[in-house]
Amino acid sequence: MTISSTAQQVIWLDPFRALSEPERAQLALAGLAVQAVATLDDVRASLDSADLVVVRLDSNTELLDEVQTLASAAGLNVPVVCRVERRDLELAVAAMRQGARHVLVADDFSAAGWHVARAKPGAPASQPTPTQAHTSAHTSAPRTVVYVDPASQHLLALAQRVAQAPVTVLIEGPTGAGKEVLARVVHEASPRARGPFLALNCAALPDHLIEDMLFGHEKGAFTGAVKEHRGLFEQAQGGTLFLDEIAEMPVHLQAKLLRVLQERQLTRLGGERSLDLDVRVVAATNKDLRASVALREFREDLYFRISTFKLRVPPLAQRPGDILPLVARLLARHAQGGAVLSVDGQAQRCLQAYGWPGNVRELENVVMRALVLCQGALITPAHLMFDDHLAPTPTPAPAAAAVAPALPVAQTAAPEAALATAPTAPTAPTAPTAWAAMPTFTQAPAVAASLPPANLQAAVQINEHQLIMAAIESTYSRMEAARQLGISPRTLRYKLAKLKGSVAGESAAHAAQ
């Protein structure tokens with residue numbers, strides 16, 4: 001990646017720590033001419049000559065607010081980048097909500113992480129920012145894409161290098177991992193960024209519609225063709241055409257697509273005139289195209305034509321550093337009424353421990369469910385509901401014990417799965433001695449497995465019970481279990497008594513039936 005010879009003038013506000021010379025050198029590689037300051041008065045004195053202000057946040061966004069106020073009072077529109085501690089997810093969300101251009105990790109001084117947008121405020125940028133939060137300067141509204149994990153940052157840097165070359169790109173990866181997001185990054189980092197970006201899902205339309213959508217038709221080409229239609233190839237002139245799920249394209253259309261890619265020309269359906277094309281094609285698939293070629297489901301010559309350069313998006317489970325930033329982004333996007341929600345430490349560990357077979361799409365579902373269940377401003381493990389058929393299932397206890405073990409904290413089951421067996425206390429041989437006096441909760445009747453939660457409150461209560469019993473099994477005293485759960489011992493006693501009563505009530509009700 002080349003560095004522009006014109007350095008960007010940056011005010012570096014960090015009241016907590018001075019910049020070292022090696023750190024300055026790394027920032028210089030990203031094209032930043034840094035003026036380190038420690039007070040707002042220093043910022044005010046240099047603001048009119050700055051292209052960017054970098055602010056280190058500690059526990060709140062007050063410093064960001066002060067800098068924005070200074071810029072507003074001076075009539076300047078200077079973008080602000082905030083630096084926060086790696087684990088401070090809530091502060092990062094608050095800074096983005098308050099208008100920070102980017103939020104970056106405080107200990108990252110690499111050129112890849114700090115190669116910020118070259119243009120001055122109000123002027124178009126030459127290429128998007130390859131930072132942990134990648135924002136396009138070529139769309140009508142800034143769009144933030146999370147690339148925090150080292151694997152994601154490597155993929156981002158590679159995609160931006162590929163974007164500069166006029167080659168077709170094949171993006172591989174599982175469903176829901178973010179292939180279209182990466183395709184947009186390739187487009188926005190390329191010289192075609194000011195051109196259109198058009199996408200077509202090859203699995204979503206019938207054969208004849210795909211052909212018409214891609215290549216267009218002339219007036220009168222078929223019954224109902226009352227006027228000419230420009231296909232996506234024509235509409236994408238000077239830009240990028242993204243063909244998603246290309247493995248699902250019918251074989252006869254693959255031959256026509258190959259010809260268009262080879263000759264860089266197309267002829268509309270029913271037309272005679274060839275049209276020159278200036279379009280970059282980015283294709284994506286969740287299948288192994290080589291295997292499809294072997295099965296004669298995909299043309300080998302087309303495979304080699306579209307895979308000049310291949311990029312692979314790893315599953316979300318293989319880039320755990322992206323999980324919490326994605327959660328922050330999704331909370332900021334979906335929270336109602338501009339509410340600011342945070343995720344407690346235990347819930348964060350649950351999110352990072354889960355396998356995410358559905359990738360980012362499944363993560364978004366879990367976040368949406370948590371927003372529905374959470375009545376306050378703090379999301380806890382009790383609000384996390386993973387897909388039923390993917391949730392961990394309890395290991396059956398020995399027959400002599402006649403009880404079911406609670407699920408571990410990091411693998412909270414969905415409420416429907418949890419109803420199969422009610423939480424139970426550890427059996428005498430394995431329970432810590434400090435819990436010997438705790439009441440025992442018998443197994444709920446098997447019929448409960450078929451009953452869904454009556455309402456949201458019931459679903460939250462089920463997950464809460466699971467967490468309580470997991471804490472009991474993993475600790476040696478009531479005080480320690482309460483501390484792990486973040487509640488007082490008195491509250492824990494109350495919840496255990498309430499749990500015992502609810503289980504006993506269910507057992508009596510089923511016995512009466």
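The basis for the numbers below is simple: all heavy atoms, side chains too, and nothing from hydrogens, waters or symmetry mates.
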N/O donor-acceptor pair under 3.5 Å between [X] side chain and [Y] backbone:
{"X": "Arg264", "Y": "Val279", "answer": "yes"}
{"X": "His383", "Y": "Thr380", "answer": "yes"}
{"X": "Asp149", "Y": "Gly321", "answer": "yes"}
{"X": "Gln318", "Y": "Pro315", "answer": "no"}
{"X": "Asn359", "Y": "Leu316", "answer": "yes"}
{"X": "Trp356", "Y": "Pro320", "answer": "no"}
{"X": "Gln254", "Y": "Arg299", "answer": "yes"}
{"X": "Thr61", "Y": "Leu64", "answer": "no"}
{"X": "Gln164", "Y": "Ala189", "answer": "yes"}
{"X": "Asp51", "Y": "Gln9", "answer": "yes"}

Heavy atoms only: give me the nearest [X]-[Y] pair and the separation to one decimal.
{"X": "Arg361", "Y": "Thr175", "answer": "NH1-CG2, 3.0 Å"}
{"X": "Leu198", "Y": "Ala236", "answer": "CD1-N, 3.7 Å"}
{"X": "Gly178", "Y": "Val313", "answer": "O-CG2, 4.4 Å"}
{"X": "Phe386", "Y": "Arg369", "answer": "C-NH1, 3.6 Å"}
{"X": "Lys179", "Y": "Glu172", "answer": "CD-C, 4.0 Å"}
{"X": "Ala106", "Y": "Arg83", "answer": "O-NH2, 2.7 Å"}

Is any side-chain heavy atom of [X] less than 4.5 Å from a side-chain heavy atom of [Y]?
{"X": "Val327", "Y": "Ile379", "answer": "no"}
{"X": "Thr240", "Y": "Val186", "answer": "no"}
{"X": "Met249", "Y": "Glu211", "answer": "no"}
{"X": "Phe298", "Y": "Thr285", "answer": "no"}
{"X": "Leu91", "Y": "Cys82", "answer": "no"}
{"X": "His187", "Y": "Pro196", "answer": "no"}
{"X": "Arg268", "Y": "Leu275", "answer": "yes"}
{"X": "Tyr147", "Y": "Val181", "answer": "yes"}

In a check of side-chain contact (heavy atoms from CB on, under 4.5 Å) between His102 and each of Val80, Val54, Val81, which one passes?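 Result: among Val80, Val54, Val81, Val81 is the only option passing the side-chain contact (heavy atoms from CB on, under 4.5 Å) with His102.
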For Arg280, the option from Val167, Leu241, Thr168 that meets side-chain contact (heavy atoms from CB on, under 4.5 Å):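 The side-chain contact (heavy atoms from CB on, under 4.5 Å) with Arg280 is passed solely by Val167 among Val167, Leu241, Thr168.
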[atom1] of [X] to [atom2] of [Y]: how many Å apart, nearest 0.5 Å?
{"X": "Asp14", "Y": "Ile11", "atom1": "CG", "atom2": "CD1", "value": "14.0 Å"}
{"X": "Leu27", "Y": "Trp12", "atom1": "CG", "atom2": "CH2", "value": "4.5 Å"}
{"X": "Gln237", "Y": "Asp278", "atom1": "CD", "atom2": "CG", "value": "6.0 Å"}
{"X": "Leu57", "Y": "Asp65", "atom1": "CG", "atom2": "CG", "value": "11.0 Å"}
{"X": "Glu21", "Y": "Gln26", "atom1": "CD", "atom2": "CD", "value": "12.0 Å"}
{"X": "Ile246", "Y": "Asn286", "atom1": "CD1", "atom2": "CG", "value": "12.5 Å"}

Could you give me the CA-CA distance, side-chain angles and deciding distance for Phe242 and Leu232, then say whether side-chain contact (heavy atoms from CB on, under 4.5 Å) is met? CA-CA 10 Å; Phe242 175 58; Leu232 291 178; over 6 Å; no
Arg259 atom CZ, neighbour heavy-atom count above 12 within 6.0 Å: no
Mind running side-chain contact (heavy atoms from CB on, under 4.5 Å) on Glu180 and Phe197 for me, showing each step along the way? CA-CA 11 Å; Glu180 183 170 351; Phe197 177 92; 4.2 Å; yes
Quick one: side chain to side chain contact (heavy atoms under 4.5 Å, CB included) partners of Ser59, sequence neighbours excluded?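 Residues passing side chain to side chain contact (heavy atoms under 4.5 Å, CB included) with Ser59: none at all.
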Among residues at least two apart in sequence or on other chains, which ones pass side chain to side chain contact (heavy atoms under 4.5 Å, CB included) with Leu40? Leu13, Leu63, Glu66, Val67, Leu70
Could you verify whether a donor N or O on one side chain and an acceptor N or O on the other, from His334 and Glu364, lie under 3.5 Å apart?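 Result is yes, a qualifying pair exists.
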Working for side-chain contact (heavy atoms from CB on, under 4.5 Å), residues Ile323 and Tyr354: CA-CA 10 Å; Ile323 294 174; Tyr354 186 59; over 6 Å; no
Charged N-O contact under 4.0 Å between Glu248 and Lys287: yes
Intermediate values then yes/no, side-chain contact (heavy atoms from CB on, under 4.5 Å), Leu243 and Leu214: CA-CA 10 Å; Leu243 300 179; Leu214 282 176; 3.8 Å; yes
